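To keep things clear, I will list the structure first and then write my remarks on it.
The shown structure was predicted, so the numbers you read here are calculated from the model rather than taken from an experiment. This chain uses plain numbering: 1 for the first residue, then up along the sequence. All values below come from the heavy atoms of this structure, side chains included, with hydrogens, waters and symmetry mates left out.
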Amino acid sequence: MRTLIIVPCFNERETIADLYREICDRTSFDAIVINDCSTDDSREVLVREGIPHLDLPLNLGIGGAVQTGYHYALNNGYDIGVQVDGDGQHDPGQVETLIAPIIQGDADLVIGSRYIGKEGFQSSAMRRVGIRFFKLLIFCLSGKKITDATSGFRAANRKTMQLFTKNYAMDYPEPESNILALKNKLNVCEVPVTMRERQGGVSSIKALQPVYYMVKVSLGIIISATIRVKMTNDRTRHAELDSVSPE
């Protein structure tokens, strides 16, 4: 199964080159960086290092960047799309573990959870409170326990990518997309992963935004629980964008 590693990038000049080299050194998969209209010199780094990338003309947020990666994966014949964040928190060496349930036919969406093995960086205390709340909310709406609802280290098969190209939150998309997948009867599972501290860049959740984040994501989860998407099995009609090529 052809696998594409999708790396959303916004102002990741400090980490993006080293991360891409690590992906090349530790995996055999293709990778594409989605430059979300960075305001630093991330694009210059991508061009200088010869890293395959797509430049978005407007800043769409992490959800828009990842969704662009899913469109690219579907249009170019990939079977699995793996999100690896550009800040260095996710270990590319664990991608094989992440995609294994999809290859075995046991899952449509696989989430890498730091809270199963409880090794490595466990996030801040404030973030853990939010994660526990989203875990409870998702369970109440779907009956499924997701221990690491905000994890961006995820693998999606074609069916899931097709769903996400039609509906995907622009900001803080992971909790909403988890419930969207579950409510559209996709098989969602978690595997244990070890995450690292952010190697550079700035979190999308600013210091004064935790209340906004909790309210927005909670409403998004509730709304996503009501969305049903008509799916198609035709591999040639899954996307609405023309095929594009990275620089």
Do [X] and [Y] land in one hydrophobic cluster if side-chain heavy atoms of ILVMFWY residues count as linked below 4.5 Å?
{"X": "V110", "Y": "I116", "value": "no"}
{"X": "M170", "Y": "V215", "value": "no"}
{"X": "F133", "Y": "Y212", "value": "yes"}

If I take atom [atom1] from residue [X] and atom [atom2] from residue [Y], how far apart are they, to the nearest 0.5 angstrom?
{"X": "H90", "Y": "T194", "atom1": "NE2", "atom2": "OG1", "answer": "12.0 Å"}
{"X": "L54", "Y": "H71", "atom1": "CG", "atom2": "NE2", "answer": "12.0 Å"}
{"X": "E14", "Y": "D87", "atom1": "CD", "atom2": "CG", "answer": "11.0 Å"}
{"X": "T150", "Y": "I111", "atom1": "OG1", "atom2": "CD1", "answer": "10.0 Å"}
{"X": "D148", "Y": "Y115", "atom1": "CG", "atom2": "OH", "answer": "5.5 Å"}
{"X": "I32", "Y": "C9", "atom1": "CD1", "atom2": "SG", "answer": "11.5 Å"}

Taking the side chain as every heavy atom from C-beta outward, state whether [X] and [Y] have any pair of such atoms under 4.5 Å apart.
{"X": "V47", "Y": "H53", "result": "yes"}
{"X": "N35", "Y": "L56", "result": "no"}
{"X": "N178", "Y": "L109", "result": "yes"}
{"X": "L98", "Y": "V191", "result": "yes"}
{"X": "T68", "Y": "I6", "result": "no"}
{"X": "Q89", "Y": "E197", "result": "no"}
{"X": "T39", "Y": "N11", "result": "yes"}
{"X": "R43", "Y": "D55", "result": "yes"}

Please report the shortest heavy-atom distance between [X] and [Y], naming the atom on each side.
{"X": "L180", "Y": "N184", "result": "O-ND2, 2.9 Å"}
{"X": "I222", "Y": "T226", "result": "O-CG2, 3.6 Å"}
{"X": "A17", "Y": "I51", "result": "CA-CD1, 4.0 Å"}
{"X": "S151", "Y": "M195", "result": "OG-CE, 3.3 Å"}
{"X": "I62", "Y": "Y172", "result": "CG2-N, 4.3 Å"}
{"X": "F164", "Y": "R154", "result": "CE1-NH2, 4.0 Å"}

Distance-only, no hydrogens or angles: does the [X] side chain make a donor-acceptor pair with backbone N or O of [Y] under 3.5 Å?
{"X": "T165", "Y": "Y70", "result": "no"}
{"X": "S224", "Y": "I179", "result": "no"}
{"X": "S113", "Y": "P192", "result": "no"}

>> Just to verify, what does A73 make a side-chain contact (heavy atoms from CB on, under 4.5 Å) with, not counting sequence neighbours?
In response: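 For A73 the side-chain contact (heavy atoms from CB on, under 4.5 Å) partners, ignoring immediate neighbours, are L4, Y78, M161.
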>> Under the criterion side-chain contact (heavy atoms from CB on, under 4.5 Å), I'd like the reasoning laid out for L19 against E12: C-alpha separation, chi angles, the key distance, then a yes or no.
In response: CA-CA 10 Å; L19 175 61; E12 308 286 5; over 6 Å; no
> Does one side chain, of T3 or D30, offer a donor that lies under 3.5 Å from an acceptor on the other?
Replying inline: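 Checked: T3/D30 side chains show no N/O donor-acceptor pair below 3.5 Å.
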>> Please tell me whether T160 and N157 have a donor and an acceptor in their side chains that are separated by less than 3.5 angstrom.
In response: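 A pair is found: one side chain offers a donor N or O, the other an acceptor, under 3.5 Å apart.
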> Does D85 have any salt bridge (charged side-chain N to carboxylate O under 4.0 Å, His left out) partners at least two apart in sequence or in another chain, and if so, which?
Replying inline: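 So D85 forms no salt bridge (charged side-chain N to carboxylate O under 4.0 Å, His left out) with any residue.
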> Taking only residues two or more places apart in sequence or in another chain, which ones pass salt bridge (charged side-chain N to carboxylate O under 4.0 Å, His left out) with D36?
Replying inline: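 None.
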>> Between E22 and R196, does the salt bridge (charged side-chain N to carboxylate O under 4.0 Å, His left out) criterion hold? Intermediate values first, please.
In response: CA-CA 14 Å; E22 187 178 13; R196 307 178 288 207; 3.1 Å; yes
Validation: residues 134-144 side-chain donor-acceptor distances under 3.5 Å, sequence neighbours left out:
unit_1: S142; atom_1: OG; unit_2: I138; atom_2: O; d: 2.7
unit_1: S142; atom_1: OG; unit_2: K144; atom_2: N; d: 3.2
unit_1: K144; atom_1: NZ; unit_2: V188; atom_2: O; d: 2.9

> Could you give all pairs that pass the ring-ring contact (aromatic ring centres under 6.0 Å, His included) test and reach residues 11-34, with sequence neighbours left out?
Replying inline: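 Every candidate ring-ring contact (aromatic ring centres under 6.0 Å, His included) pair involving residues 11-34 fails, so no pair, neighbours aside, qualifies.
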>> Could you walk me through whether R2 and D79 satisfy the salt bridge (charged side-chain N to carboxylate O under 4.0 Å, His left out) test, starting with their C-alpha distance in whole Å, then the side-chain angles of each, then the deciding distance to 0.1 Å, before giving a yes or no?
In response: CA-CA 5 Å; R2 295 186 67 208; D79 302 294; over 6 Å; no
> With sequence neighbours left out, which residue pairs that include part of residues 94-109 fulfil the salt bridge (Lys or Arg N to Asp or Glu O under 4.0 Å) condition?
Replying inline: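 Sorted result for residues 94-109: empty, none.
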>> Could you walk me through whether I227 and K183 satisfy the side-chain contact (heavy atoms from CB on, under 4.5 Å) test, starting with their C-alpha distance in whole Å, then the side-chain angles of each, then the deciding distance to 0.1 Å, before giving a yes or no?
In response: CA-CA 8 Å; I227 296 174; K183 285 297 185 176; over 6 Å; no
> Could you go step by step and tell me if T147 and E190 meet the side-chain hydrogen bond (donor to acceptor under 3.5 Å, both in side chains) rule?
Replying inline: CA-CA 8 Å; T147 66; E190 292 183 286; 2.9 Å; yes
